[in-house]
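All remarks here apply to the structure that follows.
Ligands are counted one by one from 1 in listed order, and the atoms in each one are counted from 1 as well.
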Amino acid sequence: MIRILIVDDEQSIRHTLSRFLLKVGYQVDVAENAMMAKQMFESDPYDIVVTDIVMPKMTGIELMEFIRLTDTKCRILIMTGEATVETAARAVAAGAHGYLNKPILKEAFLACIETNVHAVESNKQKEKIDFQKDQYRNLLENTVVENTETLKRSMSSIIHLLSDVTEYRDPYTSGHQRRVGNLACAISRKLNFTTEFSNMVRAIGYIHDIGKIVVPSEILTKPGKLNEIEYKLIQMHAQSGFDMLQHVILPKNFSIAVVQHHERLDGSGYPNRLKSDDILFEAHILIVADVVETMMTHRPYRPALGVDKAIEEISTYRNRKYHPEVVDACIDLFRQDQYTLDDSLGEIHIPL
Ligand SMILES: [Fe+2]
């Protein structure tokens, strides 16, 4: 319902105009001066205010200026018996939507009110549509956020599943991928990479040996020394991991780091004998984490060698086989921060 306020210090005008409006079904209030109108507007704003200009204590223009401080939508119509260009200009400058000369004729008055009622109604309709659009946009945004979260969680669970599947084939190295992933993440953090990058490195670590699925389990679990063919078959796991991940929707660096996790800085690694800058930094981190974890834990063919032996290995071949910055960060972790291998499931990040 459109609410209209008529403000005039002449009782007859208030009475006449309000009767015109009530007869055609509008909801109308009257105020005998601008101060009273101000209070009424403050307690419950009106859609249309029809005000006289010259009134004691507070003028219609001052009332309009007050309304405009808080309300830009209220339609304000000015009426006066002293129509001058200056008065009209000031009224428009203060935000008036119409100007009525006294004496006010019924038809002209109602036509003016009707025009402004239409304007109020179309404003309200537009606000309603804008509100619905905002609600719909918010709903869509929330849905996108929820779906993205679900997608991230489902990708994380697939990484964890892949990690477990590899270790079912090779129970003697149970927890190896998780320990490598967690150590790689800690090295990455030590090198001041972002949490997201470090959690992504952890995710790659969790599946870096996925290619072992294609290696016969009797070779994976063989307690003695491997012959040349068996060793070649084991080495295939890096390339097989890459090939398998080609069919999975994951960022490219996942499969590349997986195929590179046995390369060495000096080109002595496998499968592609890559050197330094041809190896992804994610892979450089995994290479060190993989070597250290492997040496520190028990294998079917030998007992655990311990942290000192592992550090000796990466120190000896620092800048030859292993990236120097990664080696330094890894040594700091164990020597300064007393890092211990950890096979719990940590948070992972997969860029979408
Ligand atoms: Fe490996």
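With sequence neighbours excluded, the residues satisfying side chain to side chain contact (heavy atoms under 4.5 Å, CB included) with T294 are H176, D290, R299, R302. In this view, Q246 and F242, K252, S255 satisfy the side chain to side chain contact (heavy atoms under 4.5 Å, CB included) rule, not counting sequence neighbours. Taking the side chain to side chain contact (heavy atoms under 4.5 Å, CB included) definition, one finds that E65 meets it with I61, E62, R90, A94, sequence neighbours left out.
At a threshold of 4.5 Å between non-hydrogen side-chain atoms, the residues I2 and E121 count as touching.
Note that CG of L77 and CG of L5 are 11.0 Å apart. Values are rounded to the nearest 0.5 Å. A distance of 9.5 Å separates CG in N116 from SG in C74, rounded to the nearest 0.5 Å.
Within the sub-2.8 Å shell of the Fe ion (ligand 1), the protein contributes these N/O/S atoms: D209 OD1, H237 NE2, H261 NE2, H262 NE2.
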